[in-house]
Amino acid sequence: MNVHDAVRMAALLRDVMGYISVEEPEQADLIILNTCHIREKAAEKIFSELGRLRKLVAGRPVIFAVGGCVGQAEGDHIFQRAPFVSLVFGPQNYHQLPEMLIRLEQQGGRIEERGESAPSKFDALPAITTPGPIASVVVQEGCNRFCTYCVVPFTRGREWSRPVEAIVDEARGLLANGARELHLLGQNVNAYQAMDRDGVVHDLALLLRRVALLPGLERMRFVTSHPADMNDDLVEVFGQLESLCPYLHLPIQSGSDRVLARMARGHTVNEYLDWIEKLRQVSPGIALASDFIVGFPGETEADFLETLELARTVQFDHAYSFVFSARPGTEAAEMSDAVPLEVGQARLARLQALLQEVQLAKNQARIGCIESVLVEGLAKRGEGELTGRSQHGRTVNFPGDPALIGHLVQVVITEGLPNSLRGRLT
Ligand code: SAH
Ligand code: SF4
C-alpha cells in the first residue's frame, strides 16, 4: 500500500505541479519520506534517514516532508525531533500535497495535515496513466478489527470500501494502458463490502468476479486477508477464475489459541486450518503465505511450540515474521506480562529457521516445472537476466531479451534458491 501511495504522490506532483522524479537525493528540491508506523524499528528509522538525507543536500534549500503513518501518529513530535522538516501529513492526506506546497511557498513555516477520510482522497486523485505490467488498485482502506497489538486502525483510520464502479473503472483504465496483472489492495481486503449502482451488495469474491471479466486482464491477486473475514465464496473463486493467481496471504500471527484470543484475532487455530484445507481442496498447490508475531505479552514456551507446530503443519510457501513491538495507544502495549526482548529474538530465530527450511524445500520442488512468468524488468544481479514472478508469487530470474519485459513467458526451473527460482525460457 505504501509503494502504491508513493507512486500516486509522484504522479500527482508531476501532473499538477510539474515536478519530475530524480534518481539521487542530491538533485532533489523536495524530499518526501513515506513512512510506516507498524513496528518501532520502522518508525525510528525515519529520523536516522532524515539526518542522512539532510547531510547529502547540505547548503541547498530543500523541502523535507514526512508522509504516511508516522506523519499521522507523531505529527508535532516530528517537527520537534527534526526541525528542518516543514511538511507532515497522514496517509489520507497526500492528495492535498499540491495545495500544501503552494501554501508553504506563500507563507513559509510549517504545515501539518492529518486525519482526512479515505473517500476524499480518492475523489481528488488523478488517474494513473503509466502503470507498467503490474498495477495496484486500492479496493479498501483502514481497519476496524483492532487487534490488540496493531496501530493500523489508528493510523489508516476506520474501514472503508471503495465503490464497485470506481474500482472497475480504474481497473479497466489500467488494463487499457498496458497493465497485465492487477493487485487489489486493502489493509483488510476480504472485509470488502459495497453496493453497486443496481443495489447489488458486493463482497470481495463478487468484486473479483466483476474484475475478472475485464478485457486484457491476465492475472490478479489480492492482499491482505484476515482469517476471520474468510467466506466460502472467496474459497470457491480460486477454483473458478482463471486469472486469479493461486496465491493467498493469510496471516495467522500465532499457533496458540490462548495468544490468538489475547491478540483479539477472532478465530482459533483449528478454524484457520479448516480454511487452509478448503483452499487446498479447491486449488491444489495454492501458494500460502502468512505473518507471525513472536514474543507477544504472556507468550510461553508452550505457546511458541504450538506456533512452530502450526508452521510445520501448514508448510507455508512464504512468511513474514516479527518480534512483538509495543506500539503507543494499543492494548497490548499496556499488558503487564511482556516477554523479554532476548527471548522474543531467540524464538524469532527458531521460527525463521523453520520457515526458511520449508520455503527452500518448496522452491527446490519447482525444479523441472514450467512456470508462467510475467516479466517485470531486469534482474538486480546477473548480467542480461530478467526477473518476474510465477503465478504462485515466486521471483523467477532467467537470461532473456529485455524486449520480453511486460510479457508472459514460460520458464523451465533449473534451480531453487532460498528466496527465488532460476530457470531458462522454454
Ligand atoms: N491486516 C493484516 C496485516 C497488517 S500489518 C492482518 O490483519 O493480518 C502486517 C503485519 O505486521 C501483521 O500481520 C503482523 O504480523 C505485523 N505486526 C503488526 N503489528 C505489529 C506489532 N505491534 N509488533 C510486531 N509485528 C506487528
Ligand atoms: Fe492490524 Fe490487520 Fe488486525 Fe487490522 S486486522 S488491526 S490491520 S493486524
Side-chain angles (χ1 to χ4, degrees), residues 1-5 35-45 68-70 72-73 91-92 118 138-161 183-193 204 221-230 248-256 259-267 269 271-272 275-276 288-299 304 307 310-311 314 316 318-335 338-339 341 343-345 347-348 351-352 355:
M1 186 74 89
N2 272 10
V3 171
H4 173 85
D5 288 348
T35 60
C36 176
H37 203 241
I38 198 85
R39 283 169 294 276
E40 192 181 354
K41 214 166 142 190
E44 272 302 309
K45 216 162 63 181
C69 291
V70 180
Q72 177 67 29
Q92 306 306 356
V138 174
V139 304
Q140 178 278 333
E141 264 201 57
C143 186
N144 293 349
R145 287 215 150 259
F146 289 93
C147 300
T148 53
Y149 52 81
C150 186
V151 290
V152 169
F154 306 101
T155 53
R156 283 266 167 190
R158 291 304 106 83
E159 226 163 82
W160 175 74
S161 294
H183 294 177
L184 275 51
L185 301 183
Q187 271 78 44
N188 188 12
V189 72
N190 59 342
Y192 180 84
Q193 192 151 62
L204 182 65
R221 310 176 195 273
F222 57 90
V223 277
T224 299
S225 299
H226 193 293
D229 286 309
M230 285 299 293
L248 182 66
H249 187 104
L250 195 62
I252 174 73
Q253 315 299 356
S254 167
S256 153
V259 174
L260 287 179
R262 294 193 83 203
M263 289 176 165
R265 290 291 285 176
H267 67 88
V269 171
E271 283 161 348
Y272 183 87
W275 287 118
I276 299 295
L288 294 166
S290 203
D291 295 349
F292 291 89
I293 297 176
V294 298
F296 186 80
E299 183 191 69
F304 175 67
T307 298
L310 174 103
V314 177
F316 291 102
H318 182 68
Y320 298 98
S321 45
F322 316 97
V323 178
F324 168 73
S325 166
R327 306 307 292 128
T330 62
E331 236 179 273
E334 306 298 320
M335 291 179 183
V339 170
L341 185 62
V343 175
Q345 282 167 339
R347 286 180 187 161
L348 184 68
L351 175 62
Q352 288 185 338
L355 293 169

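In listed order, ligands and their atoms are each counted from 1.
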| Where is the tightest heavy-atom contact between Phe324 and Gly295, given as atom of each residue plus distance? | CB-O, 3.4 Å
| What's the shortest distance from atom 23 (N) of ligand 1 to any protein heavy atom, and which residue and atom give it? | Ser325 N, 3.0 Å
| note | Scanning both residues in full, the closest heavy-atom pair of Leu310 with Gly255 reads CB-CA, 4.1 Å
| message | For a quick test of reading the model, state the closest non-hydrogen atom pair linking Arg262 to Gly298 and the distance between them. | response | NH1-CA, 3.6 Å
| Would one find an N or O of Ser225, backbone or side chain, under 3.5 Å from an N or O of ligand 1? | no
| query | When you measure from atom 1 (N) of ligand 1 to every protein heavy atom, which one gives the shortest distance, and what is it? | reply | Gln187 O, 2.7 Å
| message | Within a 6.0 Å radius of atom CD on Glu44, are there more than 12 heavy atoms belonging to other residues, nucleotides or ligands? | response | yes
| remark: Counting from 1 in the order shown, the ligand 1 atoms closer than 4.0 Å to a non-hydrogen atom of Arg265 are 6 (C), 7 (O), 8 (O)
| task | Everything protein-side that's N, O or S and under 2.8 Å from atom 3 (Fe) of ligand 2: list it, residue and atom. | result | Cys147 SG
| query | Can you tell me how far the CG atom of Asp229 sits from the CG atom of Leu204, to the nearest 0.5 Å? | reply | 10.5 Å
| task | Quick one: pull up CG in Asn144 and CD in Gln187 and give me the separation to the nearest 0.5 Å. | result | 11.5 Å
| message | Need the ligand 1 atom indices (1-based, order shown) with element for anything under 4.0 Å from a heavy-atom of Phe324. | response | 23 (N), 24 (C)
| How far apart are the closest heavy atoms of Arg265 and Pro251, and which atoms are they? | NH2-O, 3.3 Å
| field | atom 12 (C) of ligand 1 touched by protein (heavy atom, under 4.0 Å) | value | yes
| query | Gln253 heavy atoms, cut-off 4.0 Å: which ligand 1 atoms fall inside? | reply | 8 (O), 12 (C), 13 (O), 14 (C), 15 (O)
| said: Give me the nearest non-hydrogen protein atom to atom 16 (C) of ligand 1 as residue plus atom name, then the distance to 0.1 Å. | reply: Arg39 NH1, 3.2 Å
| note | Closest heavy-atom pair, Val151 versus Pro328, reported as atoms and distance to 0.1 Å, is CG1-O, 4.3 Å
| query | Which word best sums up how the rings of His226 and His267 line up, parallel for under 30°, tilted for 30 to 60°, or perpendicular for over 60°? | reply | perpendicular
| query | Does Arg145 have a heavy atom less than 4.0 Å from any atom of ligand 1? | reply | no
| query | Is the closest heavy atom of Thr224 to ligand 1 under 4.0 Å? | reply | yes
| said: Keeping Ser290 on the side-chain end and Leu250 on the backbone end, is there a donor-acceptor pair under 3.5 Å? | reply: yes
| So, does Asn188 use its side chain to make a donor-acceptor pair with the main chain of Cys143 at under 3.5 Å? | no
| request: Search all heavy atoms of Met1 against all heavy atoms of Gln140 and return the closest pair with its distance. | output: CE-O, 3.7 Å
| query | Would you call the rings of Phe322 and Tyr320 parallel, tilted or perpendicular, where under 30° means parallel and over 60° means perpendicular? | reply | parallel
| field | Asn188 to ligand 1, any heavy atom closer than 4.0 Å | value | no
| Where's the contact between Met1 and ligand 1, heavy-atom distance under 4.0 Å: side chain, backbone, both or neither? | neither
| query | Any idea which protein heavy atom is nearest atom 19 (N) of ligand 1, and the distance to it? | reply | Tyr149 CD1, 3.3 Å
| note | among protein heavy atoms, the one nearest atom 18 (C) of ligand 1 is Ile38 CG1, 3.4 Å
| query | Is Arg327 touching ligand 1 with its side chain, its backbone, both, or neither, if touching means heavy atoms under 4.0 Å apart? | reply | side chain
| request: Could you check which of Val151, Val323, Asp291 puts a non-hydrogen atom nearest to atom 9 (C) of ligand 1? | output: Asp291
| Close N or O approach (His226, ligand 1; < 3.5 Å) | no
| task | Calculate, to the nearest 0.5 Å, the distance between atoms CZ and OG1 belonging to Phe296 and Thr148 respectively. | result | 3.5 Å
